[in-house]
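Protein chains get the first letters and strands the later ones, always in sequence-line order, with residue 1 at the start of each.
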Number of protein chains: 2
Amino acid sequence: MNLQHISWTTDGRLRYLDQTHLPQQELYREADTVDAVIEAVQALRVRGAPLIGIAAAMGLTGAAARLAEEELTRDWLRRAVDRLAATRPTAVNLSWAMARMREACDRALREGGGKEQLVSGLRAEAQRIWDEDAAMCRAIGEAGLPLIEERATVMTHCNAGALATGGIGTALAPVYVAHESNRQVAVISTETRPLRQGARLTAWELTRAGVPVTSIVDGAAAAVMAQGRVNLVITGADRIAANGDVANKIGTYGLAVLAWAHGIPFYVAAPYSTFDLSTATGSGIPIEQRGLEEIDTARGASALNPAFDVTPSQYVTALITDRGVIEPPYTETVPRIIRGERITGD
Amino acid sequence: MNLQHISWTTDGRLRYLDQTHLPQQELYREADTVDAVIEAVQALRVRGAPLIGIAAAMGLTGAAARLAEEELTRDWLRRAVDRLAATRPTAVNLSWAMARMREACDRALREGGGKEQLVSGLRAEAQRIWDEDAAMCRAIGEAGLPLIEERATVMTHCNAGALATGGIGTALAPVYVAHESNRQVAVISTETRPLRQGARLTAWELTRAGVPVTSIVDGAAAAVMAQGRVNLVITGADRIAANGDVANKIGTYGLAVLAWAHGIPFYVAAPYSTFDLSTATGSGIPIEQRGLEEIDTARGASALNPAFDVTPSQYVTALITDRGVIEPPYTETVPRIIRGERITGD
């Protein structure tokens with residue numbers, strides 16, 4: 001892929017590709033305060049469930065590095081971690097990454113040593129989160145590869161690609177691995193209103209990687225399915241409940257129902273860190289409501305703008321994880337993923 | 001409603017509200033050549049299946065009125081009617097209106113007389129098409145009223161309202177009649193990408209009429225249905241085949257499947273002129289493909305932009321027409337509408 005959409009600056013701050021300007025412009029920014037990281041995540045300059053966890057961990061490290069020794073207290077770190085974790089409520093990866101950073105802080109503080117050791121502990125943990133995510137993406141791609149036949153067309157929604165992760169993506173990982181294997185895979189990318197991540201980001205990164213991609217408006221998905229153009233659907237996830245219910249970008253649930261009505265397999269690809277056993281079903285997942293200005297309707301009209309929806313697990317053919325592909329009953333198979341079992345074969 | 005979205009100028013030309021500028025601006029234009037009318041229809045300045053039939057008839061009349069007596073030949077009229085009829089392929093109302101104008105020409109030419117009589121014959125027929133459409137809208141509203149209970153929320157797609165017709169709309173006609181009857185009806189309007197007729201036009205005209213309206217992106221329809229917010233769905237139609245299959249704005253078919261999956265009644269409202277007995281099923285309806293620039297995706301990516309889709313009749317709970325509400329089996333009930341029977345009761 002050769003994307004530099006997140007990186008460390010030479011002096012250890014977070015540098016990121018501002019995704020709100022894609023595909024017109026590749027604009028890079030730096031964030032070296034907690035406020036700047038929060039702004040980047042809330043304004044969706046950095047977005048995608050796995051990526052915001054990585055970026056928050058790197059941003060926290062860079063912000064800590066800039067402080068004077070006496071400012072870098074346990075209280076400052078606690079507050080910074082809590083504020084970053086609360087930036088977006090739906091994706092579980094962010095709170096998962098922040099929990100890891102909190103542990104890294106505690107470990108470094110227990111071991112004593114000064115600012116340098118503390119920052120170095122944070123940096124190592126942030127880098128591990130990133131490296132592990134890249135490895136998980138690759139593992140998802142390899143697990144999903146058998147689901148993609150020669151000349152298959154995959155429909156996807158929003159962007160769960162390289163731009164959303166620290167590696168080759170989640171939903172798009174099997175596509176990239178299939179492309180590497182010369183399976184002549186093609187993608188149909190739904191626009192994903194209101195913020196158009198499908199038309200802007202998924203189309204951009206697939207084109208850049210040489211994968212043929214066709215953009216459609218969200219409303220055209222059903223017609224395109226009825227025409228027999230879609231072999232399978234793969235989306236990402238922001239959180240997966242213990243029973244397999246999936247919270248993901250608004251529109252995912254509708255695609256799942258339509259895929260089911262057309263007899264098309266519907267897969268969700270996500271690393272194990274997206275699973276949340278403490279949430280029993282999808283109804284327990286908080287759904288972020290975003291600003292009504294994103295809808296841009298007539299003056300005097302109201303708007304509803306949920307950023308995510310919940311797909312009940314009965315519409316999910318299988319979950320593609322870094323630990324293998326799991327099928328229903330999810331109440332039995334999801335805990336195996338969490339326990340770290342590797343599911344083999346398909 | 002008190003909309004002046006089409007009218008005659010004092011010297012008999014077509015004046016229309018350019019709907020591409022709504023809701024920001026109420027910009028009126030005049031079209032006094034066949035080319036100008038075709039441009040207005042193709043650029044969707046005038047849109048909506050019934051309205052483009054009316055506007056083409058009025059525009060033809062105004063264009064004929066401007067010609068010198070010797071230019072206004074049978075050949076000119078034939079060619080003008082054929083070109084206008086071919087402007088957009090999916091809506092049957094346009095070719096239906098042009099067939100009526102062709103007959104009016106023939107009648108006037110048979111009766112002899114000069115340009116003045118010919119133009120006056122055209123104007124009378126265009127005005128009849130308009131007046132009849134307004135009456136059909138009102139009749140659709142009254143036929144659909146019993147389907148709308150007190151405090152019902154109606155989901156609709158695109159704009160099949162006053163702006164799409166010469167009266168109070170088709171899909172929105174039952175809403176307006178229910179509003180007049182103080183039934184506290186509310187509307188959820190899907191944005192309708194790519195051209196956003198729902199967020200721009202439906203939200204605008206309902207707000208103007210005092211009907212509460214909430215805009216959502218197309219992808220949010222399934223989640224909003226799952227939350228129990230929708231009591232019924234009503235859309236318009238561009239063409240209805242003899243078996244009840246419905247061609248309408250892209251996205252309609254998906255909403256129909258989703259309504260079915262959620263146990264929500266799905267109605268299609270249209271005047272009898274939208275029915276096309278010469279088309280046996282939806283597969284025989286030509287689907288207009290519009291420009292790919294409407295999709296605005298990343299450079300190098302492809303796009304598909306069908307303007308319409310076909311909803312198989314099994315997803316249509318009932319058809320609300322100016323001659324009453326008809327239910328399946330449509331192969332039996334549709335011909336009754338065409339024969340002009342009035343269906344009573346609901």
Undergrad: Please rank B:R299, B:R196, B:R200 by heavy-atom pairs under 4.5 Å with chain A and give me the top one.
TA: B:R196

Undergrad: Does any backbone or side-chain atom of A:A261 lie under 4.5 Å from a heavy atom of chain B? Answer side chain, backbone, both or neither.
TA: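 It is the side chain, since no backbone atom gets that close.
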
Undergrad: For chain A, find which of B:D309, B:D296, B:D218 contributes the most heavy-atom pairs closer than 4.5 angstrom.
TA: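 Top option by heavy-atom pairs under 4.5 Å: B:D296.
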
Undergrad: May I ask you to name which of B:I295, B:L304, B:I216 has the most heavy-atom pairs under 4.5 Å with chain A?
TA: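 Looking at each option in turn, the highest pair count goes to B:L304.
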
Undergrad: Can you check whether anything in residues 240-255 of chain B gets within less than 4.5 Å of chain A, heavy-atom wise, and list it by number?
TA: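 Contacts with chain A: B:I250, B:G251, B:Y253, B:G254.
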
Undergrad: Side chain, backbone, both or neither: which part of B:V224 has a non-hydrogen atom closer than 4.5 Å to chain A?
TA: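 The answer is the side chain of B:V224.
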
Undergrad: Sort A:H157 into side chain, backbone, both or neither according to what part of it lies under 4.5 angstrom from a heavy atom of chain B.
TA: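 Interface part for A:H157: neither.
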
Undergrad: Please report the closest heavy-atom contact between A:T297 and B:S215, naming both atoms and the distance.
TA: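 Closest approach of A:T297 to B:S215: OG1-OG, 2.7 Å.
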
Undergrad: Just so I understand: if I count every heavy-atom pair under 4.5 Å between each of B:T192, B:T311, B:T207 and chain A, which residue has the most?
TA: B:T207

